[in-house]
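What follows is a set of notes on a single structure, which appears directly below.
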Amino acid sequence: MPTVWVLGAGQLGAMLKQAAYPLAINVEPVEPESEQLPNIIDGDTVTVEREQWPDTPVTRHMSQQRGFMNADIFGKIADRFHQKTMLDTLGINTAPWRSVEVNTKAESLHAELGPDVLLKRREGGYDGKGQYWLYEDQGDEVPTDWLGTGIAEKKIPFNEELSLVGARDKDGNKVFYPLTLNLHSNGILMASISPLSRVAHLQPMAESMLGKIMDSANYIGVMAMECFRVGEQLIVNELAPRVHNSGHWTQAGACVSQFEMHLRAVCDLPIKAPEVRGQSVMINIIGVEREIAWLKIPSTQCYWYGKDVRPGRKLGHININHPQKSAVQTALNELRKLLPENYQDVFNWVEKELKRI
Ligand code: ADP
Ligand code: MG
């Protein structure tokens with residue numbers, strides 16, 4: 001088995017490493033700022049846990065390797081201008097948008113995109129960072145540091161946010177997990193729920209959208225597509241050419257997790273339709289110290305990333321999975337008591353959504 005080198009050494013790389021063990025694949029996450037170049041040899045594979053990376057000796061070295069998967073696509077997806085252009089070219093529904101040029105005026109953005117316009121940095125934004133709302137009724141101008149560095153999007157009055165995680169192998173075979181319902185707060189993912197029978201009728205549409213994107217890029221590995229649901233329509237918000245936070249529930253709720261699926265695809269091992277078991281809910285741990293009592297709750301898996309605790313930072317996640325929804329709810333009730341006040345809304349949302357699945 002080859003070594004799979006992962007550009008980036010955060011929690012996604014660590015979870016890829018964990019998933020590699022039963023396949024006897026050696027996964028080596030690499031810190032982009034590291035002073036030591038990874039010893040990549042012929043036959044090794046290079047993949048990523050992030051689509052944006054600084055220009056360092058390590059990133060230059062890794063991206064020049066023959067085994068660097070999907071080399072052509074990262075630049076396109078990492079820059080929202082190119083990502084949105086790609087979606088438009090493929091005829092895939094996405095929020096109407098304009099490029100913010102050095103001379104773009106708020107007035108013209110509002111004329112084309114409506115009274116509320118969301119500016120997004122072309123590169124580097126994540127977890128809602130790198131966004132700026134421009135409100136016509138407040139007479140906002142485009143801040144100077146956004147000129148030439150962003151795109152502007154129409155505000156989508158979505159019913160809810162759904163994501164699809166899929167994988168494609170080198171022969172073009174594709175597999176998908178069921179659509180996942182996501183709750184964001186201030187742009188950061190707080191909770192995911194999957195599967196949901198009430199959105200199952202949207203699954204074929206979502207699969208054909210993501211399938212078309214992956215095919216067009218000759219993509220190999222796991223890709224995630226974040227969508228807005230507006231009525232019966234899906235509108236693509238953004239793409240991630242990697243394993244994705246909204247797929248973490250697959251660690252507990254699918255026979256092959258998104259992490260293992262990605263490794264299978266990039267190592268040219270068979271990918272297979274992931275049989276999903278029971279009901280899954282994932283709760284992200286944001287800015288909260290670890291609590292040992294979480295480990296006692298039945299039907300849960302706790303992941304703690306070992307990062308320094310900072311407000312708003314993703315520090316871990318808890319997967320809850322059980323064949324019966326009532327047992328999932330019982331675990332949520334226990335967990336609710338162990339998380340801070342600001343999580344009440346999250347648990348209320350999950351409880352409400354579990355009832356209408
Ligand atoms: P990030 O890279 O930070 O995840 P996103 O583009 O996914 O950036 O935006 C983060 C969140 O902001 C989304 O999950 C959604 O809740 C909200 N959002 C993004 N774009 C729009 C839009 N056009 N209209 C309304 N809400 C949006
Ligand atoms: Mg997003």
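Everything quoted here is computed from the prediction, not taken from an experiment. Numbers for residues simply follow the sequence, beginning at 1. Counting convention: from 1, in listed order, for ligands and their atoms alike.
- Looking at Asp79, its side chain never comes within 3.5 Å of a backbone N or O of Glu123 through a donor-acceptor pair.
- Annotation: side chain of Gln324 is not in contact with side chain of Gln279 (no heavy-atom distance under 4.5 Å).
- Counting atoms of ligand 1 from 1 in the listed order, those under 4.0 Å from a heavy atom of Phe158 are 25 (C), 26 (N).
- The backbone of Asp127, and not its side chain, has at least one atom closer than 4.0 Å to an atom of ligand 1 (non-hydrogen atoms only; backbone = N, CA, C, O).
- Between the side chain of Asn284 and the main chain of Ile286, no donor-acceptor pair closer than 3.5 Å is present.
- Glu153 has a carboxylate O that lies under 4.0 Å from a charged side-chain N of Lys84, or vice versa, which qualifies the two as a salt bridge.
- Here Arg98 pairs with Glu112 in a salt bridge; the nearest charged N to carboxylate O distance falls below 4.0 Å.
- Within the 4.0 angstrom cut-off, atom 15 (C) of ligand 1 has one or more protein heavy-atom neighbours.
- Residue nearest to atom 12 (O) of ligand 1, selected from Gln131, Arg80, Arg121: Gln131 (by heavy-atom distance).
- The residue from Ile235, Asn237, Asn245 that puts a heavy atom closest to atom 7 (O) of ligand 1 is Asn237.
- Nearest protein neighbour of atom 4 (O) of ligand 1, counting heavy atoms only, is Glu238 OE2, 2.9 Å.
- The contact set between ligand 1 and Leu118, taken as ligand atoms under 4.0 Å from a residue heavy atom, comprises 18 (N), 19 (C), 20 (N), 21 (C), 27 (C).
- Cation-pi geometry between Lys120 and Trp97 is not met: the NZ or CZ atom fails to fall both under 6.0 Å from the ring centre and inside 45° of the normal.
- Residue-level check: among N/O/S atoms of Glu226, OE1 sits closest to the Mg ion (ligand 2).
- Set against the non-hydrogen atoms of His184, the atoms of ligand 1 under 4.0 Å away are 14 (O).
- Which parts of ligand 1 touch Gly125 is read off a 4.0 Å heavy-atom cut-off, strictly below it: atoms 2 (O).
- Cluster membership for Leu181 and Val346, using ILVMFWY side-chain heavy atoms within less than 4.5 angstrom, is shared.
- A donor-acceptor contact shorter than 3.5 Å links the side chain of Arg264 to the backbone of Pro270.
- Classified by interplanar angle (parallel below 30°, tilted 30° to 60°, perpendicular above 60°), the ring pair Phe68/Phe74 is tilted.
- When hydrogens are left out, the protein atom nearest atom 20 (N) of ligand 1 is Lys120 NZ, 2.9 Å; that is the closest non-hydrogen contact.
- Closest to atom 3 (O) of ligand 1, if we only count protein heavy atoms, is Gly128 N, 2.5 Å.
- Proximity to Lys155 (heavy-atom distance under 4.0 Å) selects the following atoms of ligand 1: 24 (N).
- Residue-level proximity to ligand 1 for Glu160 is absent, since no heavy atom of it falls below 4.0 angstrom.
- The contact set between ligand 1 and Glu161, taken as ligand atoms under 4.0 Å from a residue heavy atom, comprises 13 (C), 14 (O), 15 (C), 16 (O).
- Ligand 1 has no nitrogen or oxygen under 3.5 angstrom from a nitrogen or oxygen of Trp133.
- Glu238 lies close to the Mg ion (ligand 2), since one of its N, O or S atoms is found at a distance under 2.8 Å.
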Applying side chain to side chain donor-acceptor pair (under 3.5 Å) to Ser163 and His244, what does each step give before you reach the verdict? CA-CA 10 Å; Ser163 60; His244 191 257; 5.0 Å; no

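- Atom 24 (N) of ligand 1 has its nearest heavy-atom neighbour, among Val117, Asp116, Ile156, in Ile156.
- Residue Phe228 has no N or O atom closer than 3.5 Å to an N or O atom of ligand 1.
- Remark: ligand 1 atoms within the under-4.0 Å shell around heavy atoms of Glu226 are 7 (O).
- An N or O contact shorter than 3.5 Å links Lys154 to ligand 1 by distance.
- Using a 4.0 Å cut-off between a side-chain N of Lys or Arg and a carboxylate O of Asp or Glu, Asp145 and Arg121 qualify as a salt bridge.
- The aromatic rings of Trp133 and Tyr135 sit parallel to each other, their planes meeting at less than 30°, with 60° as the upper class boundary.
- The distance from atom OG of Ser246 to atom CD of Glu226, rounded to the nearest 0.5 Å, is 6.5 Å.
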